[in-house]
Amino acid sequence: MKVKKGSNLFEEVRSQGSLSALCNGRGKCGKCKVQLDVELPLTSVEAKLLSVAQIKDNIRLACQHPILEEEVNAANIDQENIVVLGLDKGHVNIHKKKSDLLCAIDLGTTTVVMVLIDGSSGEVLNQHTFTNPQRTYGADVLSRIEVTLSHNDSCHRLIKGEIKKAIVDIVARYQPKSMSIGITGNTTMTHLWLNADVKPLIQIPYRPSVADVTYQSIRNELEIDVDGDITVYPPIGAYLGADILAAIALFDLFDTKKNILFVDLGTNGEIVLACNGQLYATSTAAGPAFEGVNMSSGCGAVDGAIDHFFNDRGELVFTTINETTPVGICGSGYIDLISCLLEGPLESSGYMAEEMVFYNNPKVSITQKDIREFQLAKAAIRSGMDMCLIRAKITYEHLDLLMIAGGFGKHINLDAAIHIGLIPNQCKENTVFVGNTSLAGCVSWLTNEKEVPTKDEISSVKVIDLAGSSQWLQLFTEHMMFEGGNV
Ligand code: FES
């Protein structure tokens, strides 16, 4: 694209909708790369974040050139690819028919997943996964809220545009007479979908501005000619969204007599403990490391992602999803890799003397910065888990079940997760990995298998606020170490 003299390169390229900008233009992530047809002067940030070869190829960081001194042709070279996982054959039970087609959507901060189901037979027709296009405004929910508060509804428009495109394709292909769409996700994502006021999410006392189920007409909202509603499910609080409510409904946590700890390893790590008939919940800003984001070789759980590393007679070997050429490392791969490295060059403090490239392949490398990102995510999650147990006055020995959800890869190697201190040793025998429960819960609502919890049930959840808690801070610091720890 042509960008005129005097324009802001970052804003111009971003307005095309596909520029990666995880730090939202702060010059930290190095993601907003563009290739230019002229040689622009190099800033100190670019000298730090770009390789010599990139600089030579006229690659620059768009956010570093707020006022162009000459007209340039810029090509965005670091686009997030939309990944389609293809048909995922399966079947769900339709308890009461709602519509010809059901579409459950999990709006993740990093990844959006849609699943399409035949409303009569329950056949799973398709599953579609793509990177949340709002990532051009930063990797975390706070950057998206900031952008939205600066009177900019781009985050709303971006996600609506992408979902609308997908629904138009679905309607053209399946030609349903009626359709029901369900949307879950964290509170910021559902608010941005609704274009609701996000200010209360970041202001004391941190409350959602929409706390009820919201119904929208597909015809009015998406301008698509099909009967049916979009149901946007309610959150529990500002940082406990419909995604965690979906998991609570899916596993009947309001009714269980067992002690169950549920942990979603998402960008916003959400944790619920069911104990003696009471639910405790908290969320921690874990960052997207478990989803392979912000890591030098990181990627989602897609074809070619390295999902496991292990030591084979002293040699580090790996497997990839669907056994294809490695394209990067996903969350489960990082857990294994760090566990393996702890046997060698990596200290339990997280210090590693130098960057490591494996198999002569730059797509398989790990840096000190990656380790630090991972350490922060691990410490945030584990200290949040501990806080729930402390509030309920129990220890890990009292747990009947530990459920781990998230898009980290197919399965986490439990021994490796215990080795790095993510999962407590006491849970070795009773930990299960449950996949994307936000999506599964959304499906259970659309098929009428489960009911949406009532307002009274939702308000009975004891929300644990970690901000400003010295106990949490102490646990967080302890769990920065890569070693098992007990409550
Ligand atoms: S360096 Fe992060 S957006 Fe430019």
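Note that the coordinates shown come from a computational prediction; the quantities given were computed from them, not determined experimentally. When a ligand or atom number is given, it counts from 1 through the structure's own listing order.
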Distance-only check: which donor-acceptor pairs under 3.5 Å involve side-chain atoms of residues 52-65, not counting sequence neighbours?
residue: Q54; atom: OE1; partner: S51; partner atom: N; Å: 2.9
residue: Q54; atom: OE1; partner: S51; partner atom: OG; Å: 3.4
residue: R60; atom: NE; partner: L40; partner atom: O; Å: 3.0
residue: R60; atom: NH1; partner: I55; partner atom: O; Å: 3.2
residue: R60; atom: NH2; partner: L40; partner atom: O; Å: 2.8
residue: Q64; atom: OE1; partner: T43; partner atom: OG1; Å: 3.3
residue: H65; atom: NE2; partner: E46; partner atom: OE1; Å: 3.4
residue: H65; atom: NE2; partner: E46; partner atom: OE2; Å: 2.8

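Counting atoms of ligand 1 from 1 in the listed order, those under 4.0 Å from a heavy atom of G27 are 1 (S). Atoms of ligand 1 lying under 4.0 Å from any heavy atom of G25, numbered from 1 in the order shown and given with element: 3 (S).
No more than 12 heavy atoms of other residues, nucleotides or ligands shown are found within 6.0 angstrom of CD on E69.
In terms of the salt bridge (Lys or Arg N to Asp or Glu O under 4.0 Å) criterion, E315 has no residue partners (sequence neighbours excluded).
Taking the six-membered ring wherever Trp is involved, the centroid distance between the rings of F290 and F374 falls below 6.0 Å.
At atom 4 (Fe) of ligand 1, the vertex angle linking SG of C63 with SG of C32 is 100° (nearest 10 degrees).
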